[in-house]
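Okay, so here's the structure we're looking at.
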Amino acid sequence: MTRGNETSGNKATHATIREIINTYMEPISAYGNLPTSVQVKDTLNGVPDYQLSVDKKTLKSFNDIMHNMQRKARLNDCIEHLQKSTFTNEDELENAVTAFLCERQWSNTKLKKQCISKLKVATKERNDFRASRRNAQRQQEQQMLSSVQDQKWPLVVIAGSKHSRKGRTVLAKCNIPRNTVVCDYHGELLTYDEGLLRYEQYGDNNENVYMFSFNYQGRNYWIDAVRQCRCHPKTRIKGRLLNHSMKTANVVPRIVLLNQLPHILFFAKQDIAISEEILFDYGVQRDRLSELQDWMLS
Ligand SMILES: C[S@@+](CC[C@H](N)C(=O)[O-])C[C@H]1O[C@@H](n2cnc3c(N)ncnc32)[C@H](O)[C@@H]1O
């Protein structure tokens, strides 16, 4: 048997051909040209051990396998480029594939079909994933809303007395993992003007410490927690009793839209140990230093 012999030699199995292509030829890429029959023959003549008979059938097998490999590379290229696009329907997806293949000058019906079918699967998986994420988010929001409505915040407890140095405190009733919602700043939601008016009125009795101001989407709001809220006449509201710390705050207030209204929820900044006091940074403005009391810098 001689190498490159047209009539005798080893039978070319697909596995052998693939091995030869991968080992002795330029990598088959999405873009480059495939080797011609002459180039395949030349390559085989340089291959030491295979001794394949290079008849028409073998050359055709090489050709088929190389085309398949290139189609796979083109398929991957197409998927990589289009998988992040959003398609509102199947026609849009098919048009995008056609345009992509046309731009690359890769007209091949089988390739087009494969691209479309793979992208459909990828799009469905992504949509399913998004839907389940949206669902989880909705459930989480629903959970937060019912905690706000029922004022059920079982992870924290009110302690201490109004008359102690710091007044009442809110403590962790158990170990609280980072990112958990601890409670909300519960009260009456007011516009900026309404809130400012009350803030000034309450100021005479030093009660305005229970007012919380914030900005949501360019609008200023206040939450008035000075008096017992009308929605929970008999509940001891926890959020209004959270004390301040600039240096050791362990929760952070975040604005969450629930029932289309902004709410302030306190999220654990870190794992909080049982009995630790729940503290957040009131955000005292330093340009009002003359009005500051020592505890505000604690
Ligand atoms: C919104 S109230 C917090 C609850 C308050 N402890 C109570 O029993 O009503 C804010 C007031 O608590 C007190 N306070 C808050 N953080 C404090 C701290 N780190 N040290 C001392 N007093 C603090 C101040 O008197 C402040 O005006």
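Computation of the quantities below employed the complete heavy-atom set of this structure, encompassing side-chain atoms and omitting hydrogens, waters and symmetry-equivalent molecules. In each ligand, atom 1 is the first atom listed, and ligand 1 is the first ligand listed.
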In chain order, what residues pass the side chain to side chain contact (heavy atoms under 4.5 Å, CB included) check against H232, with sequence neighbours excluded? Q151, H186, C229, T235, I237

Which pairs of nitrogen or oxygen atoms, taken one from ligand 1 and one from the protein, are under 3.5 angstrom apart?
residue  : atom   : partner : partner atom : Å
ligand 1 : 6 (N)  : K166    : O            : 2.7
ligand 1 : 6 (N)  : R168    : N            : 3.4
ligand 1 : 6 (N)  : R168    : O            : 2.9
ligand 1 : 6 (N)  : N243    : OD1          : 2.8
ligand 1 : 8 (O)  : R168    : N            : 2.6
ligand 1 : 8 (O)  : R168    : NE           : 3.0
ligand 1 : 9 (O)  : R168    : NH2          : 3.0
ligand 1 : 9 (O)  : Y210    : OH           : 2.3
ligand 1 : 12 (O) : N243    : OD1          : 3.4
ligand 1 : 16 (N) : H244    : N            : 2.9
ligand 1 : 19 (N) : H244    : O            : 2.8

Do W295 and N243 have a side chain donor and acceptor closer than 3.5 Å? no

Check: residues 133-147 side-chain donor-acceptor pairs under 3.5 Å, at least two apart:
residue : atom : partner : partner atom : Å
S146    : OG   : Q142    : O            : 3.3
S146    : OG   : Q143    : O            : 3.2
S147    : OG   : Q143    : O            : 3.1

Aromatic centroids of F280 and Y282 separated by under 6.0 Å: yes

Tabulate below the donor-acceptor pairs under 3.5 Å that side-chain atoms of residues 255-273 make, not counting sequence neighbours, or state none.
residue : atom : partner : partner atom : Å
H263    : ND1  : L261    : O            : 2.8
D271    : OD1  : R178    : N            : 2.8

Does K112 use its side chain to pair, donor to acceptor, with the backbone of S107 at less than 3.5 Å? no

